[in-house]
Amino acid sequence: MNLSFQRFNNVDEKIILISIIGTIDAIENDAMSIEEGEKFLFSPHTVNLLNNKNCSPEIVEMVELGCEMEDIKSLMPDKLSSELKNLKKRAYGLLKKYEEVDNEFWIQADDN
């Protein structure tokens with residue numbers, strides 16, 4: 001994902017939401033560990049990048065909550081599943097508020 005632009009637009013934010021949903025789904029289905037999810041998305045580093053790019057505060061908050069999953073797993077393992085489900089449900093709810101993308105492709109051809 002290219003994070004070199006000034007401000008996130010709706011497409012960028014939708015991609016982050018889809019990434020949140022996919023990462024949580026992978027964790028829930030034991031296809032990815034929480035630790036690996038932290039490397040891809042749920043880290044303070046990502047939170048800082050999103051804040052610097054003026055990403056939606058709701059999305060930043062979701063990534064921050066994702067950063068807490070390892071703590072929840074170690075301190076309250078019986079709550080991990082419900083916390084993951086709640087975070088994914090919240091991401092779906094916000095994703096539904098964005099307009100459908102119909103005029104561009106996320107992956108662009110290289111014009112070399």
Side-chain angles (χ1 to χ4, degrees):
M1 185 176 346
N2 181 357
L3 296 177
S4 63
F5 41 82
Q6 287 301 97
R7 180 174 176 358
F8 274 8
N9 61 36
N10 286 348
V11 173
D12 303 319
E13 290 184 354
K14 284 184 84 165
I15 292 167
I16 296 294
L17 286 166
I18 292 165
S19 296
I20 290 170
I21 292 164
T23 301
I24 293 170
D25 194 59
I27 291 169
E28 288 176 325
N29 288 288
D30 297 320
M32 176 185 285
S33 67
I34 290 174
E35 294 81 9
E36 188 177 16
E38 290 172 343
K39 301 271 190 272
F40 278 101
L41 183 63
F42 296 130
S43 70
H45 173 74
T46 303
V47 170
N48 286 334
L49 285 173
L50 296 176
N51 278 322
N52 289 339
K53 302 297 180 184
N54 296 317
C55 187
S56 158
E58 294 91 349
I59 294 174
V60 174
E61 184 179 353
M62 284 183 227
V63 174
E64 289 173 329
L65 290 171
C67 294
E68 299 173 4
M69 291 304 145
E70 181 60 38
D71 292 336
I72 292 170
K73 179 183 175 186
S74 64
L75 299 172
M76 302 175 289
D78 55 316
K79 296 199 181 269
L80 180 61
S81 179
S82 65
E83 291 296 321
L84 288 169
K85 283 180 182 23
N86 288 337
L87 185 54
K88 187 164 64 169
K89 182 178 179 182
R90 190 170 164 192
Y92 273 123
L94 186 56
L95 183 61
K96 290 176 184 179
K97 294 180 181 180
Y98 284 79
E99 291 183 25
E100 184 174 325
V101 175
D102 61 0
N103 61 345
E104 61 183 279
F105 292 99
W106 174 51
I107 300 174
Q108 301 292 320
D110 194 11
D111 292 333
N112 290 339

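Computed from a predicted structure; not experimentally measured.
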Heavy-atom closest pair, residues C67 and P44: SG-N, 3.9 Å
M76 vs E83 side-chain heavy atoms within contact, under 4.5 Å: no
Verdict with supporting geometry, E38 and M69, side chain to side chain contact (heavy atoms under 4.5 Å, CB included): CA-CA 9 Å; E38 290 172 343; M69 291 304 145; 5.8 Å; no
Separation between CG of L87 and OG of S82, rounded to the nearest 0.5 Å: 11.5 Å
Rounded distance [0.5 Å steps], CD1 in I72 versus CG in D78: 10.5 Å
Donor-acceptor contact present, side-chain S43 to main-chain K39, <3.5 Å: no
Side-chain donor or acceptor of E64 paired with backbone N/O of V47 under 3.5 Å: no
Contact check, side chains of I20 and K88, non-hydrogen atoms, under 4.5 Å: no
NZ on K53 to CG on N48, rounded to 0.5 Å: 12.0 Å
Donor-acceptor contact below 3.5 Å, side chain D71 vs main chain E68: no
pair N10-E99: side-chain heavy atoms closer than 4.5 Å: no
Side-chain touch V11/Y98, heavy atoms, less than 4.5 angstrom: no
Short N-O contact, E61 and R90, less than 4.0 angstrom: yes
Euclidean distance, I15 CD1 relative to I18 CD1, rounded to 0.5 Å: 7.0 Å
Stepwise side chain to side chain contact (heavy atoms under 4.5 Å, CB included) test for F42 and I24: CA-CA 10 Å; F42 296 130; I24 293 170; 4.0 Å; yes
CG on L49 to CD1 on I16, rounded to 0.5 Å: 9.0 Å
Sub-4.5 Å side-chain heavy-atom contact between C55 and N51: no
K73 side chain near E35 side chain, heavy-atom distance below 4.5 Å: yes
Value rounded to 0.5 Å, distance of CD1 in I59 from CG in L17: 4.0 Å
Side-chain (T46) to main-chain (L41) donor-acceptor, under 3.5 angstrom: yes
L94 side chain near E13 side chain, heavy-atom distance below 4.5 Å: no
Contact check, side chains of I34 and L80, non-hydrogen atoms, under 4.5 Å: yes
